[in-house]
Amino acid sequence: MSNHQPPKRRGQHSAARIRAPKNAEERQNVAQHAWHAMSREQAIKELDTFPDGLSPSTAHDRLAEFGPNELNAKPPRTLANMVREQLSDPMILILLTAAALSALLQEWVEAGIIAAIVVVNAVIGIVQEQKAQSSLEALRSLSAPEARVMRGGIETVVPARDLVPGDLVLLGDGSMAPADLRLTSTAGLRMQEAALTGESVPTDKNAASEALPGAPLGDRANMAFATAIVTAGRGEGVVVATGMNTEVGRIAGMLEESDGLDTPIKRKLASFGKGLTIVGVIAALAVIAIGLAYGRPLAPLLLLAVSLAISVIPESLPATATVTMALGVQRMAQHEALVRRLPAVETLGGATVICTDKTGTLTENRMNVVRVALGPDLARKRQLDPEQAREKHARLFEHLAFTAVLCNDAVLSPAESEAVGDTVIGDPTEGALLLLARDGGIDPGELRAAYPRLAERPFDSDRKRMSTVNDREGQAVVSVKGALDSMLPRCAYLLDQDGPRPLTDEDREHALALAQTLSDEALRVLAFATRALAGAPDEDDDIERDLVLIGIVGMMDPPRPDVRHAVETCRTAGVRTVMITGDHAATARAIGRDLGIHRPGDLVVTGEELDRMDDEALDEAVKHASIFARVSPLHKLRIVRALQHGGEVTAMTGDGVNDAPALKAADIGVAMGITGTDVAKDASDMILMDDRFTTIVYAVREGRRVFRNIQKVVAFLVADNVAQIIVLLTALALNWNAPLTAVMILWVNLATASLPALALGVEPASRHIMEHPPMRANNLLDAKLARRVGFQGVFIAVLALAAFAIGREAGGDALGCTMAFGTLAFSQVLRALNQRSTTDPVWDRGETRNPQLAWAVGASFALMMIVLLVPPVIEAFGGTSMNAWQWALVGGFALLSVVQTEIAKAIGRWRAKS
């Protein structure tokens, strides 16, 4: 069924057949031409088209040559592929191996728990991946469904997917460009390109202009890009690129080609797991080799070796890491940060650079009038804020507000709540003028109803002015707004306190100087003038002459008030903030200085400068640049990769279509939830639901907490694994019987390690966590922590061997095994308490209580007491009951492990102070 509108005839089209490109290379050349550097005539000739469009038959042929005007769809991954990839993850393979070995040992409970962990991890990974596959679908949803075109001299509406290069497209107010167009005619055309270029202010379009071949997208005034929306005026343009060859299509291609890397925590966990597996295999082989050298039977040795290998594999680590990050996700959700991928929490905690977009992220994404200069102040080169101007010159301010409202096409839509504020429908600049008037006590709707519009001259990029004629109580009055340099030649008077007076040359110089000052402060400057007419004007009347200049205003998209503090907090935490924007360098520099991002000595790099840099030069520039201005999507991608190449863990914030490739390529992409496009959200790892940059500060803190807690868990588990390996290898080397049975080894790892490890994963953050530089460790255990863990493991092993020797001497191997078993288990449980901090003593964490840890330690103690106090149970484990002094000895040895750790902390604090 067709939904095309009836065609409208407009002239005759030539019957000559128009040749389409013949091969892929020729089609690519057509798409890659610098159309913005060509004249209209050149573009039309190059595309072999006509001013009244293509013929239907030619359009049909070109559609077959170029293909439909739509983005490529990447085939969705099947569930089987996702499952296969999840099960091939190194840590999952380690867990599967552990489950198989546990089953061989008939330890069915442990095998079942490990299998459940595998299933939970796989399900979480698959669900997250399915959510992440919607980036291209979101891009596709931005495409205009229909387009107004001229075909054979007849205006008609066709599906946007049927457009081809050479089609003549008509643009009207509110319409979306369905493809990339070289404009051929414009009448006051302005287009909102914020989602593509990052600029909050609509761009003036002029078909007659030409740009340099390497001009940034925002400077190509003769082009209309796919997804850009017309905010004013009308225009026509010839299609120069469709589908994947459009600027949005190139972004889609970047997203499709960028597979992304594993996050730092996944790399660390995988590397750590592989290392422990190798250690476990070597230890198991050593057990077998030493035992065979002493002539021991193979079967018991094999059982002991397999148990030791399983004990080294950190079965609880992936689950603990997952739970730790999942709880971090819940806490962040309460602070308006929605995490789409679990590892994103930890990754942001390790971020060393935050690359942030300006519009809508650092700023409020709405224009505000911040400076006003009315007649008397204009003549004195003096500027005031709006409230001061209203109080000092009430009558003159009212003239300015009247003119700003009447010469204006925007509308204020009442907000649903007072907290949100009124919504501007139309040009953001005009919306700011309505808000200025409303704040001054003038209702724009009532004013327009009282003074109806009689005539208008729309804004034109050549004139740089807009004029309206309104009936003000029976008199026709002209209201004009526009660029000051275009209006001064049209002004003959200046509105002063006592009424209009002649505009002098000195007044003109002062006005221009003041406008330049405001421009240097990155403000958008508009001038306002008025004139009374004898009656309604004819269409040919020159109404923009002998005007009375009222004043000028300076507008800007203001910085969010809380961002400066957030930037300073990030700097204290060792995280550098870099602004990457499509806006002009002067505007970006002013905002950057105001927010504390740009400091003396920092570089500001423009897109043109970046184009002249090779990768080596860019790698050096990113070390010193705090602002990148007038950049394209490809530039953002290069910047992020250059930072990563320099060893930085890079976070990228953004909200537009143009941010999506960089969001996906960064170590963590952070999208804005309110102003963000679907494309940006789907390419991101985390979404800020309140669009507040300050939420990132909380995310950094939470990420550091997650990473530190995972480190604590690793240190807690590894110290006991080291102790078990040393105990078994030392005993076998001395030709003793094994100090631990296979069941004891498995019980220590299952009952006394898992619960405290999970509790350590939810440990509150240290009060000093944001006073340290980012964690740059390539491994979960850095050198200092590894030495500490190794020493703890050796110390516990010595205690366990001593307990085994004493018990063996007093009551045989069964008692020795029981005492070594109790020493290892209770040492591990108690160490969970002083593992909360690597520096603070165990009694000095009162401000950050962890009730979960207390419950975990109590539960682990209870489980151990059940085993040791119930004779049938301890005998099943290969041990025997202990008397009072043996219990006291085991308890004393366990407490010694805590004392050793606290002494090491005290030495560390003393060294730090000295």
Side-chain angles (χ1 to χ4, degrees), residues 2-5 7 18-24 26-33 35-36 43-44 46-50 53-74 135-152 154-172 175-184 191 193 195-196 217 220 223-230 235-256 633 657 660 677-679:
S2 173
N3 59 359
H4 296 184
Q5 295 179 358
I18 302 173
R19 182 185 65 82
K22 295 299 183 185
N23 53 51
E26 193 171 342
R27 290 196 299 270
Q28 188 68 12
N29 288 337
V30 169
Q32 292 183 346
H33 274 12
W35 301 104
H36 54 280
I44 290 173
E46 194 75 27
L47 289 162
D48 203 2
T49 187
F50 290 88
L54 300 175
S55 69
S57 61
T58 301
H60 180 271
D61 292 343
R62 292 196 182 185
L63 184 61
E65 289 286 337
F66 286 93
N69 176 34
E70 60 187 9
L71 303 180
N72 293 344
K74 190 175 182 179
S135 290
L136 294 179
E137 288 300 323
L139 271 170
R140 193 170 289 109
S141 71
L142 286 176
S143 300
E146 294 180 331
R148 293 169 54 210
V149 299
M150 296 299 301
R151 291 270 176 92
I154 299 174
E155 180 183 333
T156 186
V157 176
V158 301
R161 72 184 305 274
D162 292 343
L163 287 179
V164 296
D167 260 328
L168 184 64
V169 176
L170 310 180
L171 298 174
S175 64
M176 178 186 290
D180 285 359
L181 312 175
R182 172 52 169 98
L183 296 170
T184 55
M191 302 191 74
E193 299 174 331
L196 190 64
L217 296 183
R220 301 178 188 180
M223 298 289 295
F225 298 108
T227 74
I229 299 173
V230 177
E236 297 181 4
V238 61
V239 175
V240 298
T242 59
M244 296 299 291
N245 287 323
T246 62
E247 294 298 330
V248 168
R250 292 192 181 112
I251 294 175
M254 294 178 202
L255 287 172
E256 197 171 34
V657 174
T677 60
D678 287 342
V679 184

Between [Y] and [X], is there a side-chain heavy-atom distance shorter than 4.5 Å?
{"X": "Asp162", "Y": "Leu63", "result": "yes"}
{"X": "Trp35", "Y": "Leu47", "result": "yes"}
{"X": "Glu193", "Y": "Leu217", "result": "no"}
{"X": "Leu183", "Y": "Leu171", "result": "yes"}
{"X": "Asp180", "Y": "Arg220", "result": "no"}
{"X": "His36", "Y": "Arg182", "result": "no"}

Closest heavy-atom pair and its distance - [X], [Y]:
{"X": "Ala147", "Y": "Leu163", "result": "CB-CD1, 3.9 Å"}
{"X": "Pro178", "Y": "Ala160", "result": "CB-CB, 4.1 Å"}
{"X": "Gly53", "Y": "Leu168", "result": "CA-CB, 4.0 Å"}
{"X": "Met191", "Y": "Ala224", "result": "SD-CB, 3.6 Å"}

Among Asn69, Thr49, Leu54, find the one that has a side-chain contact (heavy atoms from CB on, under 4.5 Å) with Val164.
Leu54
When rounded to the nearest 0.5 angstrom, what is the spacing between CD in Glu236 and CG in Leu170?
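Separation between the atoms: 5.0 Å.
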Nearest-0.5 Å distance, OG1 of residue Thr246 to CE of residue Met244:
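Here the interatomic distance stands at 8.0 Å.
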Check the pair Val239, Arg62 against side-chain contact (heavy atoms from CB on, under 4.5 Å), reporting the backbone distance first and the verdict last.
CA-CA 12 Å; Val239 175; Arg62 292 196 182 185; over 6 Å; no
